[in-house]
A.B. asks: 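Here it is: the structure, laid out below.
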Amino acid sequence: MQEIEPTRYDFSSAEPRWQAEWEKAGCFAAPDVPTGGKPKYYVLEMFPYPSGKIHMGHVRNYTLGDVVARYKRAKGFDVLHPMGWDAFGLPAENAARENNASPAEWTYANIANMRAQLKRMGFSLDWSREFATCDASYYGQQQQLFLDFWKAGLVERRESYVNWDPVDMTVLANEQVIDGRGWRSGAVVEKKKLSQWFLKITDFAPDLLDGLKTLERWPERVKLMQENWIGFSQGAEVRFDLAAPVGGIGDVTVYTTRPDTLFGMSFLAIAPEHPVAKAVAEGNAGAAAFIAECASQGTSEAAIEAAEKKGFDTGLEVINPFTGERYPVWIANFVLMEYGTGAIFGCPCGDQRDLEFARKYGLSVPVVVAHADDDVSEIGAKAFDGEGVIVNSGFLTGLPTGKAKEAAIARLEELGVGKAVTNWRLRDWGISRQRYWGCPIPVIHCEACGPQPVPADALPVTLPNDVSFDKPGNPLDHHPSWRHVACPACGAAARRETDTFDTFIDSSWYFARFTAPQAATPTMAAAVNHWLPVDQYVGGIEHAILHLLYARFFTRAMHKTGHVAVDEPFAGLFTQGMVTHESYKDEQGAWLYPDEVSKQGELAVHRVTGKPVSVGRVEKMSKSKRNTVDPTLIIERFGADTARWFVLSDNPPERDVEWTEAGVQGSYRFVLRLAKLVEQIGAEGTPEAVEIYGSEAKKLRQLAHRTIAAVTEAMESFTFNVAVAKLYELANAIGGLNGEGADGRAARFEAAEIIAHLVAPMMPHLAEHLFARLCPGAGLIAANPWPEPDPALLVVDEVTMAVQVNGKLRATMIVPAGRGAEANIAQAMEAVSTLLAGQTIVKQIHVPDRIVNFVVKPS
RNA sequence: GCGGGUGUGGCGGAAUGGUAGACGCACCGGACUUAAAAUCCGUUGGAGCUUUGCUCUGUGGGGGUUCGAGUCCCCCCACCCGCACCA
């Protein structure tokens with residue numbers, strides 16, 4: 001007969017049981033407007049894109065947030081912890097094209113699947129607030145926000161460049177441009193100008209920069225990245241007259257941060273899209289060809305900057321207002337039309353990029369800046385862009401660079417050819433997307449009246465479901481009836497805007513909507529102003545700039561239009577590292593999921609076809625590269641608590657982690673070991689009160705209370721891996737104490753109860769199981785307060801001190817804590833007496849409770 | 001290219017300028033078992049030696065500050081993230 005282990009913890013029945021108990025007790029539901037008077041705490045993780053399955057990145061992200069939410073709840077806060085879906089985006093359209101699926105059906109099916117998986121993880125979420133950004137009840141309110149922004153002057157329509165695939169007749173995302181070609185058609189991508197909607201984020205540039213200073217609980221590096229992105233710079237605009245006008249243009253204005261180096265000019269360079277470049281191209285086939293070549297570079301800044309620096313000499317010349325000399329005008333592929341004025345003056349001695357350009361095309365390299373101490377008269381392979389003294393520069397010669405800037409600007413203004421200018425790298429936010437699966441832009445174009453807002457009573461403008469992806473381009477353009485509508489102003493036949501919003505808009509205000517997801521307006525004042533800002537936001541570092549900056553901007557715009565009362569949406573931010581994994585491609589170069597791949601030693605083959613698979617590098621898990629791992633298998637085999645414990649224990653949360661299955665077994669062993677340990681202790685019954693503890697029992701009590709302090713500290717500082725280590729130590733110590741006396745039993749019981757509380761944020765199901773065994777009738781641990789350490793038990797009475805000679809460890813000694821220098825030095829001297837023999841002590845260093853160091857030399 | 005980060009045993013990592021390697025994984029040894037699994041106990045950075053222990057060495061590389069550096073400063077290398085239409 002098979003023997004059954006009676007004490008083995010069965011997660012597969014326990015976890016759903018406790019999830020049901022929490023739901024029954026309503027532990028995690030928060031009201032829109034709480035009245036209990038408790039302090040509020042809003043915990044939010046970046047909501048997921050419903051790709052269909054949760055992956056380890058989600059498990060990590062939501063476990064981190066859940067630890068905070070459960071901990072804060074135990075610390076007596078009203079916690080808001082919602083969940084929803086960032087549900088618009090390209091993958092649904094791709095799925096529609098590939099599998100002939102409806103984007104809406106595909107998306108909602110994915111959501112249903114992922115919701116079940118998240119619920120199985122036991123997160124303390126308030127599911128009553130759930131929404132998807134593709135719900136008309138959400139994006140309709142978003143359309144309302146857009147119209148309010150428009151009224152407030154934050155919306156503009158203007159032209160900008162996109163990646164155009166001339167074969168598929170469609171706009172491509174940067175990630176769809178591979179080596180300058182369309183991912184599907186393989187056609188060379190062109191830059192094309194389209195009329196698009198923009199949000200005027202630059203109106204808030206100074207405020208977005210200043211606001212960073214108030215974000216004390218944001219990582220410094222994220223603030224620094226945002227600061228650089230906003231890119232405040234002070235410089236000058238300088239007008240250069242053309243020696244001969246071209247196409248009716250008589251001058252070119254450049255933006256420069258280095259007006260002090262104007263005497264070091266070697267050439268003037270303009271962007272390929274610059275009006276002068278276009279004028280030149282009219283009568284110059286070479287110029288036209290060069291501009292066309294640049295147009296195939298793609299629109300991304302990375303592509304432009306990483307491309308080989310190339311130029312085309314237009315044959316035009318400009319006159320430098322300071323030197324009176326003539327300089328050649330080049331069209332250069334690294335000059336950006338979007339930044340500054342789309343034209344620069346090249347000063348090779350002070351700018352590395354200019355220097356490389358000058359060397360490549362044999363242009364002059366005048367030296368105008370010298371290091372403070374020595375005067376360098378020749379420039380080698382490196383430009384000098386630091387502070388120095390201006391040389392060979394007429395009236396600026398001899399001035400330090402800072403003063404020279406001021407003097408140069410003053411002279412430019414005097415001559416009427418330039419002025420000081422503040423410039424921002426930040427550009428306005430282009431929000432038009434020529435795509436179907438997004439929020440329709442609520443605008444009607446009328447030939448007579450121009451673009452008109454959709455009237456409030458006609459909102460939401462909903463996406464039609466009966467669309468076809470047979471033809472290339474945006475299905476909204478091909479829909480037989482959707483776009484035909486009467487002009488709200490004059491009633492004439494007009495057409496709907498068929499572009500949809502950038503999906504970054506969807507994620508720019510969802511945190512506000514969560515506070516009152518049913519409200520008939522975008523936000524409800526009492527709720528949104530109670531809960532915002534989010535106290536702890538948790539998400540990937542890959543969102544450090546765009547998503548977080550857009551959300552900060554949106555909050556300001558919503559403040560301006562009366563929808564919220566704050567400017568900063570996220571008071572605290574934690575950026576977790578990414579989960580990485582090997583990536584796989586088949587012979588055709590298509591990405592494969594890890595579970596499609598079978599590895600036999602070094603060789604990898606396709607599980608079904610048996611064809612060879614190339615193993616790529618370890619990189620960020622992403623749906624586009626399909627190198628994701630399905631955590632449901634882990635949950636089935638080991639349970640949610642094991643999965644949660646593992647993602648917390650293996651790595652500091654801010655660091656990247658490579659997912660491997662090794663170690664999960666270890667976490668599972670700990671779950672079983674803890675359950676067994678507490679089972680034994682519970683079986684001993686509630687211990688009697690004890691007055692005097694023996695030294696072993698006292699040591700365990702001290703460790704247990706030190707562990708409370710250490711785990712509490714780890715909770716506050718997001719070092720959950722350290723908390724895990726401390727809990728292992730405590731569990732080992734409880735198991736190690738085999739004292740049979742009443743004091744031993746009492747200490748063990750107390751420590752077991754403490755450990756149940758301390759693991760609760762991380763392994764909530766097991767914690768309930770342990771707590772119910774130890775303290776039946778005390779309710780759910782999810783509804784119990786966090787333990788407080790007894791200060792008397794935190795006092796340390798003995799310490800181990802290091803004894804060093806000349807900084808090298810030679811001995812250790814156990815001494816009473818807090819003992820003075822004299823006694824410690826005397827004992828240390830004794831401990832290393834043989835090493836001190838024949839030496840003269842030059843210096844003694846005593847650090848209380850830590851170290852004694854003798855600095856010696858031979859006598 | 002520009003901006004931001006990371007680098008410590010076989011692996012993940014710990015360490016207010018003060019005993020580097022806590023804790024976990026893996027490995028090895030032992031106990032239990034007819035056997036295996038599970039469980040429990042113990043060892044483990046490297047090199048060397050006269051091996052109950054001792055010495056040297058060691059935190060990506062090279063310099064520096066300090067009585068003392070994984071930690072602070074300078075230079076370099078490798079890898080990762082972002083770069084505005086992936087989310």
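Below, chains carry the letters A, B, ... as their sequence lines are ordered, and counting in each starts from 1.
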A.B. asks: Report yes if the distance between the aromatic ring centroids of A/Phe11 and A/Tyr9 is under 6.0 Å, otherwise no.
C.D. replies: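 A/Phe11 vs A/Tyr9: aromatic centres not under 6.0 Å.
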A.B. asks: What's the closest nucleotide to the A/Asn853 side chain, out of B/rC23, B/rG68, B/rG4?
C.D. replies: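 That would be B/rG68.
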A.B. asks: Using a heavy-atom cut-off of 4.0 Å across all strands, would you classify A/Arg810 as base, sugar-phosphate, or nothing?
C.D. replies: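 Sugar-phosphate, no base atom in range.
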A.B. asks: Remember a base hit wins even if backbone is also touched, and classify A/Ala544 as base, sugar-phosphate or nothing at under 4.0 Å, heavy atoms.
C.D. replies: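 Contact class for A/Ala544: none.
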A.B. asks: Once salt bridge (charged side-chain N to carboxylate O under 4.0 Å, His left out) is applied, what residue pairs with a partner in residues 718-737 of chain A remain, sequence neighbours excluded?
C.D. replies: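 Output for this query is empty, none listed.
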A.B. asks: Taking only the P atom of each, what is the distance from B/rA78 to B/rA87 in whole angstrom?
C.D. replies: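 It comes out at 33 Å once rounded to the nearest Å.
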A.B. asks: Taking the C1' atom in each of B/rG9 and B/rC25, what is the distance between them to the nearest angstrom?
C.D. replies: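 One C1' to the other, the span is 13 Å.
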A.B. asks: When you measure from the centre of the six-membered ring of A/Phe198, is the NZ or CZ of A/Arg158 under 6.0 Å away and within 45° of the axis?
C.D. replies: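 So A/Arg158 does make the cation-pi contact.
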A.B. asks: Among the nucleotides B/rC86, B/rG1, B/rU57, which one has an atom lying closest to any side-chain atom of A/Lys309?
C.D. replies: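 The nucleotide sitting nearest to the side chain is B/rG1.
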A.B. asks: With respect to the phosphate group of B/rA26, does any side-chain polar atom (N or O) of A/Arg669 fall under 4.0 Å of OP1 or OP2?
C.D. replies: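 Yes.
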A.B. asks: Under the rule syn = chi within 90° of 0, otherwise anti, which is B/rU51?
C.D. replies: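 Syn, which is what one calls it when the glycosidic angle falls within 90° of 0.
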A.B. asks: Going by the angle between their ring planes, with limits at 30° and 60°, are A/Tyr139 and A/Phe88 parallel, tilted or perpendicular?
C.D. replies: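 Taking A/Phe88 first and then A/Tyr139, their aromatic rings sit tilted (interplane angle of 30° to 60°).
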A.B. asks: Side chain of A/Pro652: nearest nucleotide among B/rG13, B/rG1, B/rA22?
C.D. replies: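 Selected nucleotide (nearest to the side chain): B/rG13.
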A.B. asks: Less than 4.0 angstrom between a side-chain N/O of A/Asn732 and OP1 or OP2 of B/rC23, yes or no?
C.D. replies: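 Answer is no, no contact under 4.0 Å.
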A.B. asks: Identify whether any heavy atom of A/Phe504 sits under 4.0 Å from a base atom; if not, whether one sits that close to sugar-phosphate; answer base, sugar-phosphate or nothing.
C.D. replies: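 Since a base atom lies under 4.0 Å of A/Phe504, the category is base.
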A.B. asks: Which nucleotide, B/rC67, B/rA22, B/rG24, lies nearest any side-chain atom of A/Tyr728?
C.D. replies: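 Selected nucleotide: B/rG24.
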A.B. asks: To the nearest Å, give me how far apart CH2 (A/Trp424) and P (B/rC83) are.
C.D. replies: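 So the two atoms are 22 Å apart, to the nearest Å.
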A.B. asks: Under 4.0 Å, heavy atoms only, any strand: does A/Ser432 hit a base, just the sugar-phosphate, or nothing?
C.D. replies: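 It contacts base atoms.
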A.B. asks: Would you measure the distance from the P atom in B/rU44 across to the matching atom in B/rG10 and give it in whole Å?
C.D. replies: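 The same atom, P, in both gives a distance of 15 Å.
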A.B. asks: Where does B/rG9 fall, syn or anti, if syn means a chi angle no more than 90° from 0?
C.D. replies: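 Because its glycosidic torsion lies within 90° of 0, B/rG9 adopts the syn conformation.
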A.B. asks: Among B/rG18, B/rG12, B/rG7, which nucleotide sits nearest the side chain of A/Asn651?
C.D. replies: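 Taking heavy atoms from C-beta onward, the closest nucleotide is B/rG12.
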A.B. asks: Tell me, with the steps shown, if A/Ser667 and A/Arg669 meet side chain to side chain contact (heavy atoms under 4.5 Å, CB included).
C.D. replies: CA-CA 5 Å; A/Ser667 296; A/Arg669 268 205 297 278; over 6 Å; no
A.B. asks: Is A/Arg673 near enough to B/rC40 that one of its side-chain N or O atoms lies under 4.0 angstrom from OP1 or OP2?
C.D. replies: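 Yes, A/Arg673 has a side-chain N/O under 4.0 Å of OP1/OP2 on B/rC40.
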A.B. asks: Which part of the nucleic acid does A/Thr800 contact within heavy-atom distance under 4.0 Å: base, sugar-phosphate only, or nothing?
C.D. replies: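 Base contact.
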A.B. asks: Could you please name the option among B/rG24, B/rG3, B/rA14 that lies closest to any side-chain atom of A/Met225?
C.D. replies: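 Nearest nucleotide to the side chain: B/rG3.
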A.B. asks: Given the P atoms of B/rU43 and B/rG48, what is the spacing between them in whole Å?
C.D. replies: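 The same atom, P, in both gives a distance of 23 Å.
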A.B. asks: Salt bridge (charged side-chain N to carboxylate O under 4.0 Å, His left out) for A/Glu190 and A/Lys192? Distances and angles first, verdict last.
C.D. replies: CA-CA 6 Å; A/Glu190 299 166 2; A/Lys192 190 180 171 185; over 6 Å; no
A.B. asks: Say you pick atom P in B/rU6 and the same atom in B/rC72; how far apart are they, in whole Å?
C.D. replies: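 Roughly 10 Å separates the two P atoms.
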A.B. asks: Under 4.0 Å between a side-chain N or O of A/Arg221 and OP1 or OP2 of B/rG82?
C.D. replies: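 No, because none of the side-chain N or O atoms of A/Arg221 sits under 4.0 Å from OP1 or OP2 of B/rG82.
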A.B. asks: Establish, with yes or no, whether the OP1 or OP2 oxygen of B/rG7 is under 4.0 angstrom from a side-chain nitrogen or oxygen of A/Arg655.
C.D. replies: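 Checking B/rG7 against A/Arg655, a side-chain N or O does come within under 4.0 Å of OP1 or OP2.
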A.B. asks: From C-beta outward on A/Gln196, which listed nucleotide comes closest to its side chain: B/rA84, B/rC85, B/rA22?
C.D. replies: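 Comparing B/rA84, B/rC85, B/rA22 against the side chain of A/Gln196, the answer is B/rC85.
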A.B. asks: Within the side chain of A/Glu93, is there an N or O that forms a donor-acceptor pair under 3.5 Å with the backbone of A/Trp437?
C.D. replies: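 Side chain of A/Glu93 to backbone of A/Trp437, a donor-acceptor pair under 3.5 Å: yes, one is there.
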A.B. asks: Confirm from the modelled atom types if A/Arg850 and B/rU16 form a donor-acceptor pair under 3.5 Å, side chain to base only.
C.D. replies: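 Present.
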A.B. asks: Tell me, what's RNA chain B's dot-bracket, Watson-Crick or G-U with both distances under 3.5 Å, | for other-strand, [ ] crossing?
C.D. replies: (((((((..(((.....[....)))(.((((.......)))).)(((((...)))))..(((((..]....))))))))))))....
A.B. asks: Tell me whether the side-chain N/O atoms of A/Arg433 come closer than 4.0 Å to OP1 or OP2 in B/rC86.
C.D. replies: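 So the side-chain polar atoms of A/Arg433 never come under 4.0 Å of the phosphate oxygens OP1 or OP2 of B/rC86.
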A.B. asks: Separation of A/Asn806 atom CG from B/rC56 atom C1', in whole Å?
C.D. replies: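 Rounded to the whole Å, the gap is 16 Å.
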A.B. asks: Can you tell me the distance, in whole Å, between the CG atom of A/Leu674 and the P atom of B/rG24?
C.D. replies: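 Distance check: A/Leu674 CG to B/rG24 P gives 13 Å.
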A.B. asks: Check the phosphate of B/rC2 against A/Asn228, side-chain N and O only, distance under 4.0 Å to OP1 or OP2. Yes or no?
C.D. replies: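 False: A/Asn228 side-chain N/O out of range (4.0 Å or more) of B/rC2 OP1/OP2.
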A.B. asks: Classify A/Gly231 by what it touches in the nucleic acid, base, sugar-phosphate, or nothing, heavy-atom distance under 4.0 Å.
C.D. replies: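 A/Gly231: no heavy atom of the nucleic acid under 4.0 Å.
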A.B. asks: Can you identify which nucleotide, out of B/rA87, B/rU19, B/rA84, has its nearest atom closest to the A/Asp86 side chain?
C.D. replies: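 Closest nucleotide among those given: B/rA87.
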A.B. asks: Have a look at A/Ile304 and say if it touches a base, only the backbone sugar-phosphate, or nothing, with a 4.0 Å heavy-atom cut-off.
C.D. replies: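 Touches nothing.
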A.B. asks: Using only side-chain N and O atoms of A/Lys808, determine if any of them is under 4.0 Å from OP1 or OP2 of B/rU57.
C.D. replies: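 Answer yes for this pair, as a side-chain N or O of A/Lys808 is under 4.0 Å from OP1 or OP2.
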A.B. asks: Looking at every strand, decide which applies to A/His543 at a 4.0 Å heavy-atom threshold: base, sugar-phosphate, or nothing.
C.D. replies: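 The residue A/His543 makes base contact.
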A.B. asks: Just to confirm, is there a sub-4.0 Å distance from OP1 or OP2 of B/rA87 to any side-chain nitrogen or oxygen of A/Thr503?
C.D. replies: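 Indeed, a polar side-chain atom of A/Thr503 lies that close.
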A.B. asks: Mind checking if A/Ile845 touches a base, just sugar-phosphate, or nothing, with heavy atoms under 4.0 Å?
C.D. replies: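 Base contact - A/Ile845 has a heavy atom under 4.0 Å of at least one base atom.
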A.B. asks: Using a heavy-atom cut-off of 4.0 Å across all strands, would you classify A/Gln804 as base, sugar-phosphate, or nothing?
C.D. replies: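 Result for A/Gln804 = base.
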A.B. asks: May I ask you to verify whether the side chain of A/Gln434 and the base of B/rC85 hold a donor-acceptor pair under 3.5 Å?
C.D. replies: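 Check passes, donor-acceptor contact within cut-off.
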A.B. asks: Angle class for the A/Tyr537/A/His547 ring planes (parallel below 30°, perpendicular above 60°, tilted otherwise)?
C.D. replies: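 The rings of A/Tyr537 and A/His547 sit tilted, inter-plane angle from 30° to 60°.
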A.B. asks: Please measure how far the P atom in B/rG42 lies from the corresponding atom in B/rA47, and state the result in whole Å.
C.D. replies: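 Going atom to atom, P in each nucleotide, I get 25 Å.
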A.B. asks: So if I take every side-chain heavy atom of A/Tyr49 and compare against B/rC67, B/rU19, B/rA87, which nucleotide ends up nearest?
C.D. replies: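 Closest nucleotide to the A/Tyr49 side chain: B/rA87.
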A.B. asks: Between A/Glu273 and A/Lys193, does any side-chain N to carboxylate O distance fall below 4.0 Å?
C.D. replies: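 Salt bridge flag = no for A/Lys193 with A/Glu273.
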A.B. asks: List the residues meeting ring pair (Phe, Tyr, Trp, His ring centres under 6.0 Å) with A/Trp424, not counting sequence neighbours, and say none if there are none.
C.D. replies: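 Only A/Phe232 meet the ring pair (Phe, Tyr, Trp, His ring centres under 6.0 Å) criterion with A/Trp424.
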A.B. asks: Please state the C1' separation for the pair B/rG62 and B/rC56 - nearest whole angstrom.
C.D. replies: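 So the two C1' atoms sit 22 Å from each other.
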A.B. asks: For atom P, what is the distance between B/rG45 and B/rG21, given to the nearest Å?
C.D. replies: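 To the nearest whole Å, 9 Å.
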A.B. asks: Which is true for A/Glu729 with a 4.0 Å heavy-atom rule: it touches a base, it touches only sugar-phosphate, or it touches nothing?
C.D. replies: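 Sugar-phosphate contact only - A/Glu729 comes under 4.0 Å of backbone atoms but never of a base.
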A.B. asks: Do the side chains of A/Glu220 and A/Lys223 get close enough for a salt bridge, i.e. N-O under 4.0 angstrom?
C.D. replies: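 Yes, A/Glu220 and A/Lys223 are salt-bridged.
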A.B. asks: Side chain of A/Ile851 only, please: which of B/rA87, B/rG18, B/rA84 is the nearest?
C.D. replies: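 It is B/rG18.
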A.B. asks: Test salt bridge (charged side-chain N to carboxylate O under 4.0 Å, His left out) on A/Glu301 and A/Arg425; report intermediate values, then the result.
C.D. replies: CA-CA 12 Å; A/Glu301 191 182 314; A/Arg425 211 186 76 95; 3.3 Å; yes
